[in-house]
Structure formats: structure tokens, C-alpha cells
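Structure first, then comments.
Below, chains carry the letters A, B, ... as their sequence lines are ordered, and counting in each starts from 1.
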Amino acid sequence: MSDVESKSNFIWDAIDADIAAGKVKDKVITRFPPEPNAYLHIGHAKAIYIDFETARRYGGYTNLRMDDTNPLKEEQEYIDGIQEDVHWLGYQWENLTYASDVFDTMYELAEEMIKKDLAYVDDLSAEEIREYRGTLTEPGKESPFRTRTPEENMDLFRRMRDGEFKDGEKVLRAKIDMTSGNINMRDPVMYRIQHADHYRQGGKWCIYPMYDWAHGLEDSFEGVTHSLCTLEFEDHRPLYDWFLQQLPVHKPRQIEFSRLQITRTLLSKRFYIRLMKDQLISGWDDPRVPTIRGLRRRGYTPEAIKAFVEMIGISKSHSIIDSGMLEYCLREDLNRRSLRRMAVLKPVKLTITNYPEDQVEWFEGENNPEDPDGGSRKIPFCRDLYIEDEDFMIDPPKKFFRLGPGREIRLKHAYYVTCTDYTVGADGKVTEIFCTYDPDSRGGWSEDGRKVRGTSHWVSARHAVDAEVRNYSDLFKVEKPWENTEDFAAIMNENSLEVLEGVKIEPELAASAAGSVNGSIEGIFQFLRQGYYTVDLDSTPEKPVFNRTVGLKDSWAKEQKKG
RNA sequence: UGGGACGUCGCCAAGUGGUAAGGCACCGGGUUUUGGUCCCGGCAUGCGCAGGUUCGAAUCCUGCCGUCCCAGCCA
């Protein structure tokens, strides 16, 4: 039994009960039903995980369904993008279906409803319908058109379909109960008139079904046994059941779970579209936005995202997950697979005064200490090096384990070096460091067993390649950006992207980055002590570009913060 | 007296009458050629509150309190 199979949650308990009660005749069938009006974000990843893993748990299958009942919003571009993203997450659907493919059957069943006097054509305007609906605390009242005969309704409905009326002139409504405490049951609209071309059906229809009428039928037609959705549809379940109850069709069961919320993160397609319009982000794959493709470009792996969804669990409580959990899942995954490379983000020159001027040595460095089969790469070493600016202090405190005057550290994979001197520029900044090396410490070991606490990464100045690092801010840094647009825009403009030019990287990193442009899994690296990076879309072999994915824990930085 | 849901550690989350799993975060310690990883230890006498039933309650009953969702011809 895998983890997924052994764990449980209230949804699987309910399905177990259904199976025990003999309610599931054949396979457990689920569906993931996005409306193709945007790209998917990490909130959808939770739904995808639940839909697909549930079906898999019971040996059933999942359909991918485009819930395209609104011709004003949907586009082919999104259909393609959604499929790519679901695939990227590692899931394969049984059938790709479209709500719009069953418009005919839905229409016929609507006529059935009219015959049974369970639906009527209403002439009230949108505003009047709203008034007649009542309020949360007051019951609604019945439309004067509610008593039309089935014959009259049938005639009117067919004329609606045939395009005789203008948008908004008439709607088809279910005849239920205008006094229900559940507002969804107060004669919900089933069809509205919309003289608009559908991206798939063209001009075939001018009436389009509403969600509540369409969704249960779509589930039913596909033989879905369990229709899993988010909490805001709880109120719709009585209506979902009511529609299906009136017709001789298969009856799926709707079960709701809480939707994903993450601290400091806004999961809203509407908001992403506005950010794009304001040119605060570059598109759906901008690394700052938590869309599936944004996360992918940022360096997130499908495995990390799925591990995250599994970790947070499935429940009905309104929870807001700490974004640290997502980052933890990424670090855990990347630690196993990322290639370790040396890079110097803010270089300071380091010269080894007792190393032969023209000598070059090639050291061997393992690709990943977590993976014994991960192989290794060659690293050039010479007299002229760069180390990280923050790895040297003129007057280091006791707990600083890195380089300082008179101190000895290990250059990873190379030699022990001791600082003998340094120069300072006019601004007080260290401009160059001078060291001597211990020839007996080749490879970073010494025979005498002397302890060297610090290990720094470095890069050969003669072999290093220049690169660029883009450090994107963590998703969103403001709590409620939609409430204060100016502040948000300012924050996005000023702080959301830090670009480091002149980063020095080891030749092997440049080589492997050049071979993995497009942010593929293979393009993920860990720059020692600096965190995880992924190759950016803008990267070229001549100028490698990396996106900062997630930082490492840094106990020295934490200690400094404490004071 | 509108309807529907939810309240277990800072954040998630198991638990379904037998005496509070686990993860993230945090705090100690060990290993370490990444101040990473890994390993060990600590972290709810209490489950929104108040009563009640019971030998025994987070789990059952009653009454409160708090939070979220619903008044699109969106999904």
C-alpha cells in the first residue's frame, strides 16, 4: 500500500461507505472540470490531485472536462494550456470532454422539464428577477409568468432557441420554491439568451445552459460517481440533486472540500489578468505568480507540488496554509535531485600567493551528495579565484566560520587556504584577498587531521563564466493587494525582482545550463550555500540566466538577525 | 428563529466513547568537504465556551460564542 492508499480522509470514507452499500455499480469515476477561461494555478493542483488520486485509489478513472457553458469567456488557448499543465503534473485523463458537446442532450432534457411542468419561461428582466428573489432573510415571490402552461412554455423556449428574442428578454427557469431558505432553490435560471459565438460551437446556439443545470448533467452523462468540488458549492448540492432527481438519468454524488489558501498568496485568475494588463508581471508563466506554469518556471517540480497537496490534507475546515510548507516540499525534492554547482554571486578576488603562476589543476566534485550514482564533474583551479563577498570579514566574530585575516578555511573540493593579507578600497570595502595554500591538503583533506570548520565555494577567475541571477520576490508580499492597488503596484515595481549581474559560475554550470534552457527539471541547480536555481527562459549559452527558486536555511544569518 | 458549513498546539491535520498520531514552524544536541542534508530530543493534563449523560467524553446531549459561504441571465 502506498501512502496515498493508506491515508484516509472524509471523502474516501464516504466513497468506502458508498461501495460497502453497493451504490457504486462499476468503477469510481471522477472528473476535473475547469472552465477554460484562464490558466491553472496551484489551487487547481489541489483539485487535480484529489480528483485523480481518488479515482486511482479505487482503480477507476478521471475525465478532464472543459466546462465551457459561457461563450463570452472561453478560449482555445486556455484549453491547450490546461491540458499541458495537467500532463505536466503527471496525470492522464481517461476522456477529454466538453460541456458544449452535450448541449443538444441538455436541451432535450430541458424540454422534458417543461413537459413535466418543472420549468417555465420567464419574461422578467434581470433586475426584476433579482427583486423577486427576495433577500437572505426574506422569502422571494413568484413571477407572474410562473403559471404559464407547458404548451406555452414549450413554444416560447423553442423560439428562444431559434433566436426570436434578444439577450436578456427571456430565461428558462426551474419551478421549485420561491420561499426556500436556500436561495439557489428559488426558481434558478436554467438557460439564458446569449447571441454570441461559442469558440467551439460557433453560431449554433443563442441560448446557453447555466452552471447548475449543466454541471450535474455533465457528470451524469459521463457516468461520474463522485463529483468532487470546493466548499462554495455546498449550497448548490440540493439543486444539483433536485435536477437529477426529476430525470431518468445516472445520479452522481457531490462531495465538497475546502479550497486551497496560502499565506501571502492570492489565488485569483482575475487578479493575474489585471497584473498582466498593468504589466506588473510578464504573463501567465511569470515566476512571481503561483500559476502552474509560473511555478514551473520558478523551479517547482510536479513532485514537490503533489507532495505539498498530500501534506496539507483534505478537509472541510477553512484553512490558510503557511507558504513555508510549499517551500519545504520544494527544498525536500530539490535536495534529492538538483545538481550541486559552485557560483559566486558577489565576487571578491582571492589570490593564492604561493601557487604557481601558470598552473591549473582540475578537481573532481560530486554532482549530488545525496545521490551516490549522481556522478561528478571537473572543476578548474588556479592561482586567481573569486569567493563570495560575505565569506570574508576583516574582523570576524568568534562564531563566524569563514575567512578572515590569519584564518584557515577549506575551498570546497580543493585546498585549505590561510588568509595572509587583504586590500581595501576607498569605500572601505575589501577589494582583494591574499592567501597561501597548503599543498598537502589537496582535495580538501589533511593528513594531520586538523579541523577546519569553514568550507567556502569558489570559482576560478580564469575559467569562470559570467551569468545573471534573477531573484523574484515570494509570490505576493502584501496581504490584500486588491484593496490597495497603488501600494501593490509600487511593491511589485520596486521589490519584486532583484537582478544580479556579473555572477561568476563554474564552467560546468554554464555548460549544463546551456543544455537545459526552458526550465526543465534538468535545469535545476543548487549553488552551494546560496539556494536553488532554475534556468530561465531567457537564458542563452552565451549568457546563462537563473531564477532563484528557494533559499537554504542559514543559521549564521539567523544568528546575526538575533543580534 | 433565512439557509448551509466549519471551530483539536503559531500553521495544517489524525482521532468517530477508553484516557490527544503525524507534518510545517520553533527550541536544544550529534554527524557533516554546503552554517545544506541527515540523526536524536523538546514542543496541547487538554480538543471554541458553559452545563449535562457516563466508571470513563475531543468524540453523545443541551445552550451559547466565533469564523466562512449564499441574494450572476458567472463557474
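At a threshold of 4.0 Å, the pair A:E390-A:R402 counts as salt-bridged, since one of the basic side-chain nitrogens sits closer than that to a carboxylate oxygen. Under the 4.0 Å criterion applied to side-chain N and carboxylate O atoms, A:E222 and A:R31 are not assigned as salt-bridge partners. Looking at A:R200 and A:D68, no side-chain N of the basic residue comes within less than 4.0 Å of a carboxylate O on the acidic one, giving no salt bridge.
Note on A:T69: a side-chain N or O is less than 4.0 Å away from OP1 or OP2 of B:rA75. Regarding contacts with the backbone of B:rC12, every side-chain N or O of A:S319 stays at 4.0 angstrom or more from both OP1 and OP2. Note on A:K316: every side-chain N or O is 4.0 Å or more away from OP1 and OP2 of B:rA13. The shortest distance between the side-chain N/O atoms of A:S317 and the OP1/OP2 oxygens of B:rA13 is below 4.0 Å. Note on A:R410: every side-chain N or O is 4.0 Å or more away from OP1 and OP2 of B:rU32. Residue A:R133 places at least one side-chain N or O under 4.0 Å from the OP1 or OP2 atom of B:rG72. Between A:R192 and B:rA75, a side-chain N or O to OP1/OP2 separation shorter than 4.0 Å is present. Not one side-chain nitrogen or oxygen of A:Y211 sits closer than 4.0 Å to the OP1 or OP2 atom of B:rC74.
Picking from B:rC12, B:rG23, B:rA13 the nucleotide with the shortest atom distance to the side chain of A:S315 gives B:rA13. In the set B:rC74, B:rG72, B:rU37, B:rU37 carries the atom at the smallest distance from any side-chain atom of A:N335. The side chain of A:M311 has B:rG23 as its nearest neighbour among B:rG23, B:rG35, B:rA75. Side chain of A:I183, nearest nucleotide from B:rC11, B:rA71, B:rA75: B:rA71. Nearest to the side chain of A:V171, among B:rG23, B:rG35, B:rC73, sits B:rC73. Of all nucleotides listed (B:rA75, B:rG3, B:rC6), B:rA75 comes nearest to the side chain of A:N70. Nearest to the side chain of A:S555, among B:rG72, B:rG35, B:rA75, sits B:rG35. With B:rA71, B:rG36, B:rC11 as the choices, the nucleotide that has an atom nearest any side-chain atom of A:L552 turns out to be B:rG36. Residue A:L136 places its side chain closer to B:rA71 than to any other of B:rU37, B:rG35, B:rA71. Closest to the side chain of A:E370, out of B:rG7, B:rC73, B:rG36, is B:rG36.
Note: NZ (A:K561) to P (B:rC26) measures 11 Å, nearest angstrom. In this structure, A:E327 places its CD atom 16 Å from C1' of B:rG23, rounding to the nearest Å. In this structure, CZ of A:R453 is placed 10 Å from P of B:rG30, rounded to the nearest angstrom. Across the protein-nucleic acid pair, A:K553 atom NZ and B:rC24 atom P stand 8 Å apart, rounded to whole Å. If you take CG of A:D322 and C1' of B:rG10, they are 9 Å apart, rounded to a whole angstrom. Separating the CG atom of A:L260 from the C1' atom of B:rC11 is a distance of 13 Å, rounded to the nearest angstrom. Remark: P of B:rG10 and CD1 of A:I321 are 16 Å apart, rounded to the nearest angstrom. Distance, A:L403 CG to B:rG35 P: 14 Å, rounded to whole Å.
Base orientation at B:rG72 is syn, since its O4'-C1' glycosidic dihedral falls within 90° of 0.
Within 4.0 Å (heavy atoms only), A:R402 reaches at least one base atom of the nucleic acid. At the heavy-atom level, A:Q530 lies nowhere under 4.0 Å from the strands shown. If you check every strand for non-hydrogen atoms under 4.0 Å, A:P369 touches a base. Using a 4.0 Å heavy-atom criterion, one finds that A:Y191 contacts no nucleic acid atom at all. In this structure, A:H236 reaches the bases: a heavy-atom distance under 4.0 Å links it to at least one base atom across the strands shown. Residue A:M342 is out of contact with every strand shown, counting any heavy-atom pair closer than 4.0 Å. A:I129 comes within 4.0 angstrom of a base, heavy atoms only. Within 4.0 Å (heavy atoms only), A:P188 reaches no atom of the nucleic acid at all. Residue A:Y132 is out of contact with every strand shown, counting any heavy-atom pair closer than 4.0 Å. Using a 4.0 Å heavy-atom cutoff across all strands shown, A:K170 reaches no nucleic acid atom at all. No contact: A:I207 has no heavy atom under 4.0 Å from any strand.
With a 3.5 Å limit on both pairing distances and Watson-Crick or G-U wobble geometry required, the stems of 3 or more pairs in RNA chain B span B:2-7 with B:65-70, B:10-12 with B:22-24, B:26-30 with B:38-42, B:48-52 with B:60-64.
Spacing between B:rG63 and B:rC69 at atom C1', rounded to whole Å, works out to 25 Å. The P atoms of B:rC9 and B:rA20 are separated by 16 Å, rounded to the nearest whole Å. Here the separation of B:rG23 from B:rG17, taken at their P atoms, is 26 Å to the nearest Å. For the C1' atoms, the distance linking B:rU45 with B:rG35 amounts to 39 Å, nearest Å. Comparing B:rC60 with B:rG2, their C1' atoms are spaced 29 Å from each other, to the whole Å. For the P atoms, the distance from B:rG3 to B:rA57 is 33 Å, rounded to whole Å. Taking atom P in both B:rG46 and B:rA21, the straight-line distance is 15 Å, to the nearest Å.
Using a 3.5 Å distance cut-off with no hydrogens or angles, the side chains of A:D219 and A:Y240 do pair a donor with an acceptor. Judged by distance alone, the side chains of A:E77 and A:Y39 do bring a donor and an acceptor atom under 3.5 Å apart. Under 3.5 Å, the side chains of A:E361 and A:Y415 contain a donor-acceptor pair of N or O atoms. With 3.5 Å as the limit, one finds a donor-acceptor pair spanning the side chains of A:Y120 and A:D187.
In terms of position along RNA chain B, the nucleotide closest to A:M325 lies nearer the 5' end than the nucleotide closest to the other residue of the pair A:R130 and A:M325. Heavy-atom nearest nucleotides on RNA chain B were determined for A:R529 and for A:D167, and the one closer to the 5' end corresponds to A:R529.
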Worked check of side chain to side chain contact (heavy atoms under 4.5 Å, CB included) between A:I305 and A:Y49: CA-CA 10 Å; A:I305 292 172; A:Y49 175 92; over 6 Å; no
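A:N367 pairs in a side chain to side chain donor-acceptor pair (under 3.5 Å) with only one of the listed residues (A:R377, A:E508, A:R341), which is A:R341.
Aromatic ring centres of A:F145 and A:Y132: separated by at least 6.0 Å.
Seen from the ring of A:F401, A:R453 counts as a face-on cation partner, given the 6.0 Å and 45° thresholds.
Side-chain atoms of A:D235 come within donor-acceptor range of the base of B:rG3, with a qualifying N/O pair under 3.5 Å.
When atom types are taken as modelled, the side chain of A:K175 and the backbone of A:R146 share a donor-acceptor pair closer than 3.5 angstrom.
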